[in-house]
Amino acid sequence: MQLSEQELLRRQKCQELRNMGIEPFPAELFPFTHHSQVAKHEFEKWEAQKEENPLKVVLAGRLMSFRIQGSASFAELQDEKGRIQLYFRRDDLCPTEDKSLYNNVFKKLLDIGDIVGVHGHLFRTQLGEITLHVTQFKLLTKALKPLPVVKEAKDDSGNAITYDAFSDAETRYRQRYVDLIVNPHVREVFRKRTRLVNVMRRYLDALGYLEVETPILQPLYGGAAARPFKTHHNTLDMTLYLRIANELYLKRLIVGGYDGVYEFSKDFRNEGMSRFHNPEFTQIELYVAYKDYEWMMDLVEEMVEQIAIELHGQTTVRVGQNDINFARPWKRMTMFEAIQHYTGVDISQMNEEQLRTTAQKLGVETDATMGKGKLIDEIFGLHCEHLLIQPTFITDYPVEMSPLAKKHRSKPGLVERFEAICNGKEICNSFSELNDPIDQRERFESQVELGMRGDEEAMTLDEDFLRALEYGMPPTAGLGIGIDRLSMIMTNSASIQDVLFFPQMRPEKKVHNATVADFKALGVAEMYVPIIQKLGFWTIEDFKKNTANKLHNDLCSMRKKMKLENVPNPTQEEVESWLSHS
RNA sequence: GAUUUCGUAGCUCAGCUGGUAGAGCAAUACACUUUUAAUGUAUGGGUCCCGGGUUCGAAUCCCGGCGAAAUCACCA
């Protein structure tokens, strides 16, 4: 591995610290008393009460910047809750003649990114910033890689300006730890995501529903239209699929007698990736017995409204250019009404041929395999969905698109299903669950037929699920909410990668350069490897193309140029032996 | 999967019609006892993503690859 100048330097500093008896990676715990923000609040109280005794605290965190001014210095310490300024003064840290703790350890051997613990008392600088006057500090972890340095300032009106923001998307996603260190708003996004999940959990627990876990490895995948990931179990010698949904398992639990079950489930779909799609994503699915989809709409709008209030203190959330208001009640319209509203065409009474003609007139690309349901869905997708910015329930979907939903109680050809659309995207999907095992079998069979015709996303027939239904599942309302999608809206994130800590990426390319060990195998001492690399020989092949004379010459002159005084020049014979080594 | 754009120092980015690789921050050295994008002076730091081609000469032009982003298609 080729180390940069700064990395080499930090390794040297580590050694110097050890030489001074300072362990750069100490084992013992560090008992801090406050987080930065708490300390600041306490200091404000302390000021208000006009206390005499100084307010002493112990903090721990990462050094994010230095402003050194001779025998006094300022630094920024960042901990989980924020930042606080530190003030170091030489003669406080080093009351005796020996000033090396300040002059060497602090000024020379600490770096941006190092993690330290500090003791001291709080005060306010002349410029009014609450600051810790450090009386004692301890290195807790040395950082061997330099961090991106992001600088912040305030403009005249007090708005924060960021300079040199660490913004390269690829590096941010691949090295999320760095992103989290230097971009505080990223830490905040993920806190919001967790709070969002917690609100849901609290809400559903309060209703008495049971949080459960169901298999991720499934012999049959089902519950959604999607292509799965396939894997293999060695002992059982069988194919298993990573779940694409947990619907069929949760409904088995309703058959088993629980009134309400839910699961935050990681699902896996072997499909394209985009800023709305990651191969693994999180959904909450909820099933409640003795309810229907009308009831479920009330639950969704109440629960999501609570999320908005919890995260933003209000029902309105800014997303891109739009202010989205989650206040109940949300608008409700049937799919036919939505299409009529946005296209002016009433398709509710049309047969397949009329629908096809209408779809074509409306600019939908059609083909012969598309049935009534698909045509309606396409029209809706093209002309309605992206226009629905405020949260809206779209109800009553064509039966062909919904093989697990119950037929509508009064509208033939439709099912009791709704989606909530928000910011032009679906955020949830729900229906009165199909519990008639005969009907369910027929729906599965028509899915199997689609599969035979080449639809890779068609569902498979799950005999055990049908057997469960035959024992009787009460009327049940079911719901799925995409946690990632909802998090994007609630955190105003443009890409799903911004709400996943570790979004799926292609592997980083491995440069097949020769390693130190490869050179050692030729008999080359490790100390010569940096020189060889500096000369531009990255592979053994390139290295061996040299003649002994030239290589010896180059090595000696580069050694001099690199000022490696403690590395002796190799002898001509040594160099010859490397090149002749097979 | 298709199209477009991008890949240069630890970070953010310049680099024109091809001619020895640049800035700011970070680093190193010196100065500076309440600064805050601290400041001043000096110094070091590069596989210009990888591989071919054209050319006397390629970070730059061409071809191929790898990686990323945006848009589209499928999907949540």
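Per chain, numbering begins at 1; letters A, B, ... match sequence-line order.
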Phosphate OP1/OP2 of B/A26 contacted by A/Lys151 side-chain N/O (<4.0 Å): yes
Nearest to the side chain of A/Gln85, which nucleotide is it out of B/A69, B/U36, B/U34? B/U36
Go through B/A29, B/A76, B/C74 for me and flag the one nearest to the A/Lys108 side chain. B/A29
Counter-base of B/C48, judged by Watson-Crick or G-U geometry with both distances under 3.5 Å: none
Listed pairs, N/O of protein and of nucleotides 3-5 of chain B, under 3.5 Å:
none

If the P atom of B/G46 is compared with that of B/A31, how far apart are they to the nearest Å? 28 Å
Identify whether NZ of Lys or CZ of Arg in A/Arg417 sits under 6.0 Å from the centre of the six-membered ring of A/Tyr397 and within 45° of that ring's axis. yes
With rounding to whole Å, what would you report as the distance between B/G1 and B/A73 at their C1' atoms? 8 Å
For the side chain of A/Arg67, starting at C-beta, report the closest nucleotide among B/A76, B/U33, B/U35. B/U35
Counting side-chain heavy atoms from C-beta on, which of B/U34, B/G10, B/U28 comes nearest to A/Ser4? B/G10
Quick one: which protein N/O atoms are closer than 3.5 Å to N/O atoms of nucleotides 11-15 of chain B? Pair and distance per line, please.
residue	atom	partner	partner atom	Å
B/U12	OP1	A/Asp168	N	3.3

Nearest-Å distance once atom C1' is located in both B/C63 and B/U54: 11 Å
For residues 123-130 of chain A, which residues have at least one heavy atom under 4.0 Å from RNA chain B? A/Phe123, A/Thr125, A/Gln126, A/Leu127, A/Glu129
Salt bridge (Lys or Arg N to Asp or Glu O under 4.0 Å) against A/Arg124, all qualifying residues, sequence neighbours excluded: A/Glu47
By nearest atom, which of the nucleotides B/A27, B/A70, B/U33 is closest to the A/Asp91 side chain? B/U33
Out of B/A68, B/A27, B/A69, whichever nucleotide has its closest atom nearest the side chain of A/Gln497: B/A69
Without decimals, in angstroms, what is the distance between A/Gln69 CD and B/G40 C1'? 13 Å
Should B/A27 form a Watson-Crick or G-U wobble pair with both distances under 3.5 Å, which nucleotide is its partner? B/U43
Suppose you measure atom C1' in B/A37 against the same atom in B/A26; what distance do you get, rounded to whole Å? 13 Å
Please list, in numerical order, the residues of residues 479-490 of chain A that have a heavy atom closer than 4.0 Å to any atom of RNA chain B. A/Arg485
Can you tell me if the side-chain N/O atoms of A/Arg269 get under 4.0 Å from OP1 or OP2 in B/C74? no
Side chain of A/Glu378 - closest among B/C74, B/U36, B/U28: B/C74
B/A76 to B/G51 separation - C1' atoms, rounded to the nearest Å: 40 Å
For a quick check, tell me whether the side chain of A/Glu5 and the base of B/G44 share a donor-acceptor pair closer than 3.5 Å. yes
With A/Val116 via side-chain contact (heavy atoms from CB on, under 4.5 Å) - residues at least two apart: A/Leu63, A/Leu77, A/Leu110, A/Val118, A/Leu139
Can you check the distance between B/C25 and B/U20, where both ends of the measurement are the C1' atom (answer in whole Å)? 26 Å
Within the 4.0 Å heavy-atom criterion, would you say A/Gln6 contacts the bases, only the backbone, or no part of the nucleic acid? base
Any side-chain N or O of A/Arg90 under 4.0 Å from OP1/OP2 of B/U33? no
If we require ring centres under 5.5 Å and near-parallel planes under 30°, does A/Phe276 stack on B/A76? no
Against the six-membered ring of A/Tyr102, is A/Lys107 placed for a cation-pi contact (under 6.0 Å from the centre, within 45° of the normal)? no
Rounded to whole angstrom, note down the P distance from B/C49 over to B/A58. 15 Å
In whole angstrom, give me the gap between the P atoms of B/C61 and B/U5. 12 Å
